[in-house]
Amino acid sequence: LMLQTGKCYTFIAESFPNVTEVEMRMKPDTGDGPLPPIFAQWAAVPMAVDSDMGPRATIGRKDACYKWEFPLPLPVRVEVTARGGNGPVAVQAYSR
């Protein structure tokens with residue numbers, strides 16, 4: 001996913017009933033190649049983490065959307081993990 005300057009983003013992860021806890025993080029997407037050490041430290045830190053508990057996770061909910069203010073676009077990776085239970089989890093990204 002490519003974050004564009006000034007856009008407002010919301011990410012929602014929803015699971016089936018047998019998943020009891022979903023965790024979502026957004027990190028810079030640096031590809032698969034090795035990075036210089038200073039960039040590797042920066043890329044390892046999540047840019048946003050959901051604060052929800054339970055089978056649904058959100059980043060940038062309602063009026064608290066996530067805005068990228070840097071003047072250049074940034075590729076990001078949204079990582080979703082089922083921390084409790086097992087089963088499928090769906091993720092949707094919205095921008096405005």
Side-chain angles (χ1 to χ4, degrees):
L1 175 68
M2 184 72 73
L3 296 184
Q4 300 294 329
T5 303
K7 287 259 191 180
C8 198
Y9 293 93
T10 299
F11 304 93
I12 300 172
E14 184 74 42
S15 66
F16 282 94
N18 45 344
V19 176
T20 57
E21 173 62 26
V22 175
E23 181 180 283
M24 183 166 36
R25 300 170 175 263
M26 182 172 57
K27 295 180 179 179
D29 188 358
T30 57
D32 295 328
L35 293 173
I38 193 161
F39 291 124
Q41 290 175 350
W42 170 75
V45 177
M47 299 166 58
V49 177
D50 80 281
S51 59
D52 300 327
M53 299 296 288
R56 175 182 289 161
T58 57
I59 293 175
R61 141 187 8 205
K62 297 187 181 179
D63 292 333
C65 63
Y66 187 87
K67 278 193 172 181
W68 178 245
E69 298 294 342
F70 197 73
L72 298 172
L74 177 72
V76 295
R77 179 180 298 185
V78 177
E79 298 174 348
V80 180
T81 307
R83 294 280 179 207
N86 60 22
V89 178
V91 180
Q92 179 71 45
Y94 298 92
S95 70
R96 56 183 163 124

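The structure presented is a predicted model; accordingly, all values stated were derived computationally and were not measured. Quick note: residue numbers are just sequence positions, from 1.
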| query | Checking Asp52 side chain against Thr58 main chain: does a donor-acceptor pair fall under 3.5 Å? | reply | yes
| query | Stepwise, does the side chain to side chain contact (heavy atoms under 4.5 Å, CB included) test hold for Met47 with Tyr66? | reply | CA-CA 10 Å; Met47 299 166 58; Tyr66 187 87; 3.2 Å; yes
| request: Write down the atom of Ser15, the atom of Pro55, and the distance for their closest heavy-atom approach. | output: OG-O, 2.9 Å
| request: Indicate, with yes or no, if Val45 and Val80 share a hydrophobic cluster defined by side-chain heavy-atom contacts under 4.5 Å among Ile, Leu, Val, Met, Phe, Trp and Tyr. | output: no
| said: For a quick test of reading the model, state the closest non-hydrogen atom pair linking Gly60 to Thr10 and the distance between them. | reply: O-OG1, 2.6 Å
| task | Check side-chain hydrogen bond (donor to acceptor under 3.5 Å, both in side chains) between Gln4 and all other residues, then give those that pass, not counting sequence neighbours. | result | none
| request: Report whether Ile59 and Met2 are members of the same hydrophobic cluster (ILVMFWY, side-chain heavy atoms less than 4.5 Å apart, transitive linking). | output: no
Extract all donor-acceptor atom pairs below 3.5 Å that involve side chains of residues 81-96 and protein atoms in other chains or at least two apart in sequence.
{"from": "Arg83", "atom 1": "NH2", "to": "Glu23", "atom 2": "OE2", "distance (Å)": "3.2"}
{"from": "Arg96", "atom 1": "NH2", "to": "Lys62", "atom 2": "O", "distance (Å)": "3.3"}

| Taking every non-hydrogen atom, the tightest pair across Thr5 and Pro71 | OG1-C, 3.4 Å
| message | Before you tell me yes or no, could you show the steps for Val76 and Trp68 under side chain to side chain contact (heavy atoms under 4.5 Å, CB included), namely the whole-Å CA-CA distance, both residues' side-chain angles and the distance that decides it to 0.1 Å? | response | CA-CA 11 Å; Val76 295; Trp68 178 245; over 6 Å; no
| task | First locate atom CE of Met24, then atom CZ of Phe11, and finally report the distance between them rounded to the nearest 0.5 Å. | result | 8.0 Å
| By side-chain hydrogen bond (donor to acceptor under 3.5 Å, both in side chains), which residues pair with Asn18, not counting sequence neighbours? | none
| task | Decide whether Leu74 and Tyr9 are clustered together by the hydrophobic rule: side chain heavy atoms of Ile, Leu, Val, Met, Phe, Trp, Tyr closer than 4.5 Å, transitively. | result | yes
| With a 4.5 Å limit on heavy-atom distance, are the side chains of Leu3 and Met26 in contact? | yes
